[in-house]
Protein chains: 2
Amino acid sequence: MYKSMMHSPELLKGTLQTILLKVLKDHGRMYGYEITLRVKELSGERILLTEGALYPTLHKLEAEGMLKTEVITIGKRVRKYYSLTSDGRSLVKARVNELIAFIKTMGNVLQVELN
Amino acid sequence: MYKSMMHSPELLKGTLQTILLKVLKDHGRMYGYEITLRVKELSGERILLTEGALYPTLHKLEAEGMLKTEVITIGKRVRKYYSLTSDGRSLVKARVNELIAFIKTMGNVLQVELN
DNA sequence: ACTTATACATAAGTGAATTATGCATAAGAC
DNA sequence: GTCTTATGCATAATTCACTTATGTATAAGT
C-alpha cells in the first residue's frame, strides 16, 4: 500500500479506502496517479500510495458501485477518472465517522490528547 | 486480534503493540487476561482483544526484550505477569509518538478536526 | 540518447491479524 | 450437585489487506 513513509505501514492498514473516498469527495473527479500526488501533498510526503494497493482498491470500490469511471484519452495516453456515486457519498461519511470514532477510542485507551 | 468491536478490525491493525505497551506503562505489572479487561474498559467496550492476538504479541515483545515476566500461582491457577523493561519503556514513547503523528497526518489528509 | 515522470494493470509474497481449538481451575446460577 | 460462565494460558490454521515485483506504454526533461 505504501512505497515508503514516515509512518509505520501497519498503522495505515485499513485507512486506504477512507483516504481515497474522502479525497475524491473533496476534490471531485480524479485519476489514480493524480490521487497519489494529492495524498502525498496533503500528508507532507508521509503517505506515498503504491500502485499495487491503489488500483485494486479503486477497482474494488467501482465494482461495489461506490465509484464510477470515465476514460479520457490525452494524445495517446489514457486516463481513467474516478468519481463518487451517491452510494459512494454515503460511504465516505460513514467511513470518516468510523475513523474519527476509532481515533477517539485510541486517545482514551492511550490516555493522550489529540490536538 | 479483536473478538468483535465497534471499530472496523482493519483500522486497529498495527495498534496492538502500542496498546499493550502503553497500558503496561500506565498500570504497571499486569497479566494477559487483566489487560483485555482494562482495554475493554478504557475503550468503552469498543476494543475486545482476542487471545489469539494477545498472547503471541506478548511473547514476541518478551522475546525482543521489551517485557519481562513473572509467573504467579493462585491456588492451582497460573498467572503470568508482564512488565516493561527499560528498553520497553523507550519503545512505548516511540510507539505512542508514532501513533500521534500518524493521527495528525490522517487529520490533514482527511481534512477533519480531531478533538 | 538516457533518465525521469506519467499512467495504467496484475501476480506473487508477506505478516498481523481472525478464527478455531485445546487445556484447566474457579465461581455463580438454579 | 450439575451446568454455565468466568478466569487464565497457549498455539495452529486461515484470511486478507497490504508490499514488492513485474509488465506495458507514452511524454518530458537533460
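Just so it is clear: chains get the letters A, B, ... in the order the sequence lines come, proteins before strands, and each one is counted from 1.
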Would you mind reading off the distance between [X] atom [atom1] and [N] atom [atom2], rounded to a whole angstrom?
X: A:E34; N: C:dA5; atom1: CD; atom2: C1'; answer: 15 Å
X: B:K80; N: D:dT11; atom1: NZ; atom2: C1'; answer: 13 Å
X: B:E10; N: C:dA16; atom1: CD; atom2: P; answer: 14 Å
X: A:L58; N: C:dA9; atom1: CG; atom2: P; answer: 8 Å
X: A:L49; N: D:dT20; atom1: CG; atom2: P; answer: 14 Å
X: A:E51; N: D:dG23; atom1: CD; atom2: C1'; answer: 12 Å
X: B:I47; N: C:dA16; atom1: CD1; atom2: C1'; answer: 16 Å
X: A:L11; N: D:dA17; atom1: CG; atom2: P; answer: 18 Å

Examine [N]: is either OP1 or OP2 under 4.0 Å from a nitrogen or oxygen in the side chain of [X]? Give yes or no.
X: A:Y31; N: C:dA7; answer: yes
X: B:H59; N: D:dT11; answer: yes
X: B:K13; N: D:dC16; answer: no
X: A:Y55; N: C:dC8; answer: yes

- Nearest-nucleotide comparison on DNA chain C, the residue closer to the 5′ end among B:K60 and A:G32: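 By nearest-heavy-atom nucleotide position, the 5'-most residue is A:G32.
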How close do [X] and [Y] get, heavy atom to heavy atom, and via which atoms?
X: B:T57; Y: B:A53; value: OG1-O, 2.7 Å
X: B:L110; Y: A:D26; value: O-OD2, 4.3 Å
X: A:R89; Y: A:L84; value: NH1-O, 3.6 Å

- Task: Could you identify which residues of residues 62-79 of chain B place a heavy atom less than 4.0 Å from some atom of DNA chain D, listed by residue number, or say none?
- Result: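 Correct list: B:R77, B:V78, B:R79.
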- Query: Going by an N to O cut-off under 4.0 Å, is there a salt bridge joining A:E62 and A:K68?
  - Reply: no
- side chain to side chain contact (heavy atoms under 4.5 Å, CB included) with A:N97: which residues, sequence neighbours excluded? none
- Nearest-nucleotide comparison on DNA chain D, the residue closer to the 5′ end among A:T57 and B:L37: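 Residue closer to the 5' terminus by nearest nucleotide: B:L37.
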- Item | B:E70 and B:R29: CA distance, side-chain angles, deciding distance, salt bridge (charged side-chain N to carboxylate O under 4.0 Å, His left out) verdict | CA-CA 9 Å; B:E70 201 182 337; B:R29 205 182 67 154; 3.2 Å; yes
- Side chain of A:T50 only, please: which of D:dA10, D:dT20, C:dA17 is the nearest?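 Nearest nucleotide to the side chain: D:dT20.
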- Task: Just jot down the salt bridge (charged side-chain N to carboxylate O under 4.0 Å, His left out) partners of B:D87, sequence neighbours excluded, or say none.
- Result: none
